[in-house]
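Chain A is the first sequence line, chain B the second, and so forth, proteins listed ahead of strands; every chain is numbered from 1.
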Amino acid sequence: MKTDQLISALSADRLAPTRPIDRSILLALLGGSALAAVVFALRLNVRADAVESLGEWRFVMKFIVTLGLALPATSLLLRSARPLSGRMPWWLLLIAPLILGIGVASELMSIPSAAWSRRLVGHNAMYCLALIPLLSIAPLVWVFAALKRGAPERPGVAGAVSGLVCSGIAAALYATHCSDDSPLFVATWYVIAIGVVTLIASFVGSRLLRW
Amino acid sequence: MDRQQREHEWTLWMRAALQGDEQSYRRLLSSLSQGLRVIVRSRLQRLGSTPSEAEDVVQEILLALHLKRNTWDPQTQLAPWVAAITRNKLVDTFRRRGQREEIQIDSVIDSLQSGSASDDTDAADVERMLGELSPQQRDIVRSIAIEGRGAQETAAKLRMTEVAVRVALHRSLKALAARFRSDG
């Protein structure tokens, strides 16, 4: 086939995508988060003392950290879906660790060292490790479907960043259920769960998101 | 026409194309294909490729520009985005042959302008890939691309609805792009 002939076929194709990739990804994130919330509501519940715990800094900090990861990472995700992502503002990913670091320092100063390990181990570490990845699945699948319409400059990076966004959202959801509020617990188990999801998403992305 | 004017024209054509202006789109793709041909040929020289192999890569890039046009931000200039897609596809081409190639976006943008290489070389791989489509998809692509019929006319000839023809055309183009990828 000659190139002019291909061009005739291309210009006759009215079904080529026109919806901007940013919008596809944001819709996927909304849909995926809603679905994760439904999964949460079917199987889990918001803990009974959630409202009175809003006065407790440790409880509130779980949301600041997890959403402080998911929201800035979303801006990286939108860039990573393009063939020319430009300068990625990676420093945005420092926000969550910084806040968590301050939380850990405050915790270490406010409780005796004898109580540190009990707080770190917590009550539900295994639930945390299982449920954050499970709640990540719906948003991740949806976001990957949107990214298939994109043209990521580095597919593995796009996968990893989706992992951060989706596990951040999943962790925020799980935090409403989880009774362990200590920053020591969050800095251990939440971080491991988010790390695992991000690694897997990066691997899957490098395979699946080539275009 | 100077460089900036030309680049601006491309941007305007693509904006119009996204609004459904077929003529602008055809003009844009023809204009880009000439520069792409120059770039691809000069890069592939190192691999000792034939003009027909180079034309395959030009067509692969055009397919990607078409199917990924939603990743261009209409608020920005078109040329850097075209160059990024081109670079990606060239690097893939080298990788498929077990080679690495460093390509700077800026050098691609520069060469996009330099082209006036019209050509009627057949792309060999694309021809073979067409043969691997379903008979109906092949008939539709041939009718529209090679015989120059419109979608409506093609639909009448093949006793299909126009919508079905357009859906089949789009699927065929996606299949061609996927075929390039899996050839690696």
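Chosen from B/Ile144, B/Ile85, B/Val126, the residue pairing most often with chain A at heavy-atom distances under 4.5 Å is B/Ile85. Counting heavy-atom pairs closer than 4.5 Å to chain B, the top-ranked of the candidates A/Ile7, A/Leu6, A/Asp22, A/Asp13 is A/Asp13. Of all the listed residues (A/Ser8, A/Pro20, A/Ala151, A/Ser24), the one sharing the greatest number of non-hydrogen pairs under 4.5 Å with chain B is A/Ser8. Options A/Leu10, A/Asp4, A/Thr18, A/Leu84 differ in how many heavy-atom pairs under 4.5 Å they form with chain B, and the most are formed by A/Leu10. Taking B/Asp122, B/Leu169, B/Ile140, B/Leu173 one by one and counting their heavy-atom pairs under 4.5 Å with chain A, the maximum is reached by B/Asp122. Of the listed residues B/Ile146, B/Val58, B/Ile105, the one with more heavy-atom pairs under 4.5 angstrom with chain A than any other is B/Ile146. With chain A as partner, the option from B/Arg142, B/Glu127, B/Gln59 having the largest number of non-hydrogen pairs under 4.5 angstrom is B/Gln59.
Heavy-atom distances place no part of B/Asp56 under 4.5 Å from chain A, backbone and side chain included. Neither the backbone nor the side chain of B/Val165 comes within less than 4.5 Å of any heavy atom in chain A. Neither the backbone nor the side chain of B/Lys174 comes within less than 4.5 Å of any heavy atom in chain A. For A/Arg23, no part sits under 4.5 Å from any heavy atom of chain B, backbone or side chain. When heavy atoms are compared at a cutoff of 4.5 Å, A/Ala12 approaches chain B by way of both its backbone and its side chain.
Between B/Ser30 and B/Ser33, the closest heavy-atom pair is O-OG, 2.8 Å. The two residues A/Leu147 and A/Ala81 make their nearest non-hydrogen contact at CD2-CB, 3.6 Å. Nearest heavy atoms, A/Val104 versus A/Ala187: CG2-CB, 3.8 Å.
Shown here are the ring pair (Phe, Tyr, Trp, His ring centres under 6.0 Å) partners of A/Phe59, two or more places apart in sequence or in another chain: A/Phe63. Residues passing the ring pair (Phe, Tyr, Trp, His ring centres under 6.0 Å) test with A/Phe203, sequence neighbours excluded: none.
Residues B/Glu55 and B/Arg37 are paired through a salt bridge, judged by an N-O separation under 4.0 Å between the basic side chain and the carboxylate. Contact check on B/Arg3 versus B/Asp110 returns a salt bridge, with a Lys/Arg side-chain nitrogen under 4.0 Å from an Asp/Glu carboxylate oxygen. Using a 4.0 Å cut-off between charged nitrogen and carboxylate oxygen, B/Arg15 and B/Asp21 do not count as a salt-bridge pair.
Within residues 63-71 of chain B, the residues that have a heavy atom under 4.5 Å from a heavy atom of chain A are B/Leu63, B/Ala64, B/His66, B/Leu67, B/Lys68, B/Arg69, B/Asn70, B/Thr71, listed by number. Residues of residues 147-158 of chain B lying under 4.5 angstrom from chain A, judged on non-hydrogen atoms, do not exist here.
In this structure, A/Tyr190 and A/Tyr174 have tilted ring planes: the angle between them lies in the 30° to 60° band.
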**OP:** Kindly determine whether A/Arg14 and B/Glu22 satisfy salt bridge (Lys or Arg N to Asp or Glu O under 4.0 Å), including the steps that lead there.
**Re:** CA-CA 9 Å; A/Arg14 291 189 191 159; B/Glu22 222 174 290; 3.7 Å; yes
Subject >> Stepwise salt bridge (Lys or Arg N to Asp or Glu O under 4.0 Å) test for B/Glu60 and B/Arg96 >> reply: CA-CA 14 Å; B/Glu60 184 186 3; B/Arg96 268 182 231 142; 2.8 Å; yes
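The number of heavy atoms from other shown groups lying within 6.0 Å of CZ (B/Arg138) is above 12. Summarising the local packing, NE2 of A/His177 is surrounded by more than 12 heavy atoms from other residues, nucleotides or ligands at distances under 6.0 Å. Atom NZ of A/Lys2 has more than 12 neighbouring heavy atoms from other residues, nucleotides or ligands inside a 6.0 Å radius.
Annotation: the span from A/Met61 atom CE to A/Ser106 atom OG amounts to 7.5 Å, rounded to 0.5 Å.
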